Structure formats: structure tokens, C-alpha cells
Amino acid sequence: MTLLAFDWLYLVEKLVLIAVIISASLLIAMYATYFERKVAAWMQDRIGPDRAGPFGILQPLADGGKLFFKEEIIPNAANKWLFILGPCMAMLTAMMTSAVIPWGSKIDLGGREIALQIADVNIGMLYIFGVVSFGVYGIMIGGWSSNNKFSLMAALRGASQVISYELAMGLSLIALLMLTGSLSLKTIVEQQMSHGNLWNIAYQPLGFFIFFVCALAECNRAPFDLPEAESELNMGYHQEYSSMKLGFYLFAEYINMFISSAIMATLFFGGYDVPFLDESTLNPNIAALIGIAALLAKTFFFIFVFMWIRWTLPRFRYDQLMDIGWKKLIPLALVNMVITAVVVLLRQG
Amino acid sequence: MGTTQILFWFLTALALLGAIMVLVSKNPVHSVLWLIVVFFAISGHYILLNAQFLAIVNLIVYAGAIMVLFLFVIMLMNLNAETEPQKSIWMKFFGVATGGLLLSFFISFIVSSIDLKNKTAQLKEGDVGLIKNLGKVLFSDYVIPFEIASILFLSAMVGAVVIGKKD
């Protein structure tokens, strides 16, 4: 067969990797909903879900099952196809970012080296940025096609919020890019792992802070959850949704939270690097497994911080939100960028 | 047929389908969404030509930013299929004729261009579209046009702010 002459094993390897990463993200997002409720309970001195299984560990399954069996309602005045497309877009864009994250170094399977990254493209950081800018469509399409004034208002809020905070996020990433000189996430992690280099957080503390605040806003998490401000908008852009379509919207938020935590760990906290451990002395397979565990540990920490903030801070007002984005974060990010540029230039010359 | 060819024909068909649907759709929101499909297909073509930077910037700027603004405007104006003005058949006929003439003009111009004689597209090995090479070319050979274009953008931004400030 000369048709499609290429390494079929490579295709199989990548498909398996994609399947594993997608199911892992779904599983983690599922349990993030459980931990969100547990964290909220601890902070409010309650017990939280504890009925389904030991410690309520089966609660996410019960929630998912409940959503599946709810009646599916599509409003008469809604635009049917776009109404279905909205939650699909939300899930798709939430999942797509995971393609460029390096989850570990390499695994050696019978002489075949498998990189634990779906695509090591040399535009990795821009790819993330591109997918983030698509996150708006899920909200906008869903909000508009519901044909409900509250939904539309919430969708417009969400879209303008995401667009505003994208700018500051991009500027904080440019400063990081000046230091690393590469857009590939794999290269960025390897630079942080190499001897004598500290994690990027040591060089870019302000950049990380800006990125973190913007990530909160991009995920529509409290204190930036204005598209879902119940007290002003009834419920938000997914008001008309029911059953699993609503579930997709709610679920996409948790996947986004997981992926953006993984990106923060990768860009600023060394990715799969374990501090004070020289991975090259270990068996590569063991080193890869330790690396995955390290990345997941860092990611879970950030997910916890996301929840911690949600149950601590009250919601911003809409004008405050725009004020912080345009008048505080963007100038701060610009200053950070200029300082980084000057330091990089002085160190070169 | 190799994978590159299969991808090429798939992307081409997708781009043409999207472009036709942009024109045929009665609902403006559908038109905008089909236009996004067209941008995706064209970015796929850029990737086939190994111009990854161009591909992703096309998506970020056009599909990610400009189309969102289009959607904003269309959603706020509440345009529907029913309220769309219907043009007369003669208007449509002349529109098609002038558009077709412009297309044939472009095609003949490209076919007869000396720069493109006996050249084939560099699939997978061309490297000018990579971010490093593109940056070097922009800031050495084409630095003056690049700077002029950026001043143009700056003036447009200042203009937008001035218009927005007028009470």
C-alpha cells in the first residue's frame, strides 16, 4: 500500500495519548466539582457532600447522572442549531488547549520513545492564546441563540470581559517570551529544568501575578464571574439550558480551570520539574512518572487556590472589572514588559 | 495520494463550502460563523505551507478578535432573516457579473505574473513563515513599511479613542 505512507504506529501512539489526556482532564474536572463543594464546606464550617459513597466520593457521578436524566428543553424561539453548537464550542475550546502542554518528559516503551505531549509546535504559547480567544464563542453563541434578554446581556458581558483580559494576559506573556526566547512550551520547561536556572516565577513575579488574575477572569471564576451573576442576571448566559447541555457549560468551566492551572505550572513553575532532583540520573520511565506527578501536584495546588479565592472574595462590580482590566493590569503589564526588555538588553550587552 | 494532498483537498473544499455558505446564509449570524470556518480552512493551508506563525496569527486576529466584534455588532443590531432587505433580481445579476469579472482579472494577473512563473508551492520545507525567520525579515529588509504600518495602526487607535470620548 503506497496510500498514506507514513508511520502508522506514530498515529496510534498520538491517538492513545489524546484519549488518555482527554479522559484524564474529564476525570480531574469531575472531581474538581466535588472538591469545590468540599472546599466551600470547609471554609463555611460545614461538612459538604458525604452521602454518595464513602466521604461522598461518588457525588460527581450522581450529579452527572442527574443531569443526564433531566428533561431536555430547547426553547421555541431559540435558534436550534446554534443552541446546540454553543455548549459544544465551550467543551471543544476547553479541551483543545491541552494539546500543547508537555505532561512529562519521555516514556521508553520497548525501544520506542514516546514524548508525553500531543504536539510540540514551535508556536505553543500563541496556540494557547488562539484557543483562549475562541473561548468567547461558546458564551456568545449560547447566550444569543437562547433568545433571552438576560442571556444576551450575560453573553455580552462575558465576551467583553474575556477580550479585555486577553490583552493584559498577552502582554504578561510577551515579557516571559523575552526571557525564554522560545514559544515552545517544551523548550520553556527544559530551560527551567536546566542546571543553574531558576523557575520563571523567580524572574517574572509580576508577570505571573498578572497572568494569574487574567486566568481567573478568562475562566469566569469568582471574583470575575460576572457573566453568571445570579443576583443581576437571573442566572447567566446558560439560563435557558437544561439537562446535559447545561452540564457541558458548567463542566467546561472546571476543565478550563484545570488546563489554565496546568499552563501556569508549566510556564512559571517548572512544569514537570521536581525541585532539587536531577532527573537525568534516574531511569527515564521512572523520571517521567515522577515528572507527571510533580506537574499534577502543582496543578492541583493552583486549582485549590482558584477555589480558595472563589470562596473568599466577593464579586466585582462591572465597572470595577473593566477598570482593573484596562487601567490597572494593562499599564502594569506594559511596565513589566519594558523592565524585562531593558534587563535582557543590559545582560546581553 | 499522500496525506498532504488529502489535507489540501479537504481544506480547499471546506474553504469553498464555507465561503459559499457565508453568501447564501440568510441569517447574518450564520454568515459570520461560516466565515470563521473559512478562516480555519485558510489557516490549515498556511500550516501545510509550514507557515505556522501566519496560521495562528490569522486565527487569533481574524477569527478570535475581529469576528467577535462582528458578532457583537450583529447581535446588538438584532438583524434577522425576516428584516433583511431583499434586493431585486437585476441587482443580484449585476453583482455576480462584476464579482466574476474581478475574479477572472485576479486569476489572469496571478497566472501571468513573472515572479510566479515555474514556481511550485514549498510544502513542508519552506521556512520563511516560521516566527524566527519572519521576524528577521520584517525587522531588516522590510523595516520601513513595517514601522509605517504600525504608525497607521496607532493613528487608527487614537482616532477610535477620540471618537469614543466625544460626548
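Every chain is numbered from 1, with letters handed out A, B, ... down the list of sequences. Values in this document were obtained by computation on a predicted structure and should not be read as measured data.
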Could you tell me which non-hydrogen atom of A/Ser133 sits nearest to which non-hydrogen atom of B/Gly64, and how far apart they are?
->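 For A/Ser133 versus B/Gly64, the nearest heavy atoms are OG-CA, 3.7 Å.
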Which heavy atom of A/Met140 sits nearest a heavy atom of B/Met75, and at what distance?
->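 Smallest interatomic distance, heavy atoms only, reads O-CE, 3.6 Å.
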Should the heavy atoms of other residues, nucleotides or ligands under 6.0 Å from [atom1] of [X] be counted, would the total exceed 12?
X: A/Met153; atom1: CE; value: no
X: A/Asn76; atom1: CG; value: no
X: A/Tyr318; atom1: OH; value: yes
X: B/Ile89; atom1: CD1; value: no
X: B/Leu102; atom1: CG; value: yes

Quick one: are B/Phe72 and A/Trp144 in side-chain contact, heavy atoms under 4.5 Å?
->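 No; the side chains remain at least 4.5 Å from each other.
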Side chains of A/Tyr137 and B/Met67 in contact at under 4.5 Å (non-hydrogen atoms) |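 The answer is yes, as the side chains (C-beta and beyond) meet within the 4.5 Å cut-off.
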Proximity breakdown for B/Ala63 and chain A, heavy-atom pairs closer than 4.5 Å |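 It is both, since atoms from each part get that close.
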Chain A heavy atoms under 4.5 Å from B/Leu71: which part of the residue, side chain, backbone, both or neither?
->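 Both parts, backbone and side chain.
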Tell me, side chain or backbone of [X] under 4.5 Å from chain B's heavy atoms, or both, or neither?
X: A/Ser160; result: both
X: A/Ile163; result: side chain
X: A/Tyr127; result: both

Applying side chain to side chain contact (heavy atoms under 4.5 Å, CB included), run through A/Trp81 and B/His30 and close with a yes or a no.
-> CA-CA 10 Å; A/Trp81 288 108; B/His30 290 181; 5.8 Å; no
Could you give the distance from CD1 (B/Ile47) to CD1 (A/Ile123), rounded to the nearest 0.5 Å?
->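 One gets 6.5 Å once the value is rounded to the nearest 0.5 Å.
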Derivation and outcome, side chain to side chain contact (heavy atoms under 4.5 Å, CB included), residues B/Asn27 and A/Asn79 = CA-CA 10 Å; B/Asn27 190 331; A/Asn79 189 323; 3.7 Å; yes
Considering only heavy atoms and a distance below 4.5 Å, find which of B/Val57, B/Ile36, B/Leu69, B/Val61 pairs most often with chain A.
->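 With the most close heavy-atom pairs to chain A, the winner is B/Ile36.
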Among the options B/Leu33, B/Ile131, B/Ile60, pick out the one with the most heavy-atom pairs lying under 4.5 Å from chain A.
->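 Highest number of pairs under 4.5 Å: B/Ile60.
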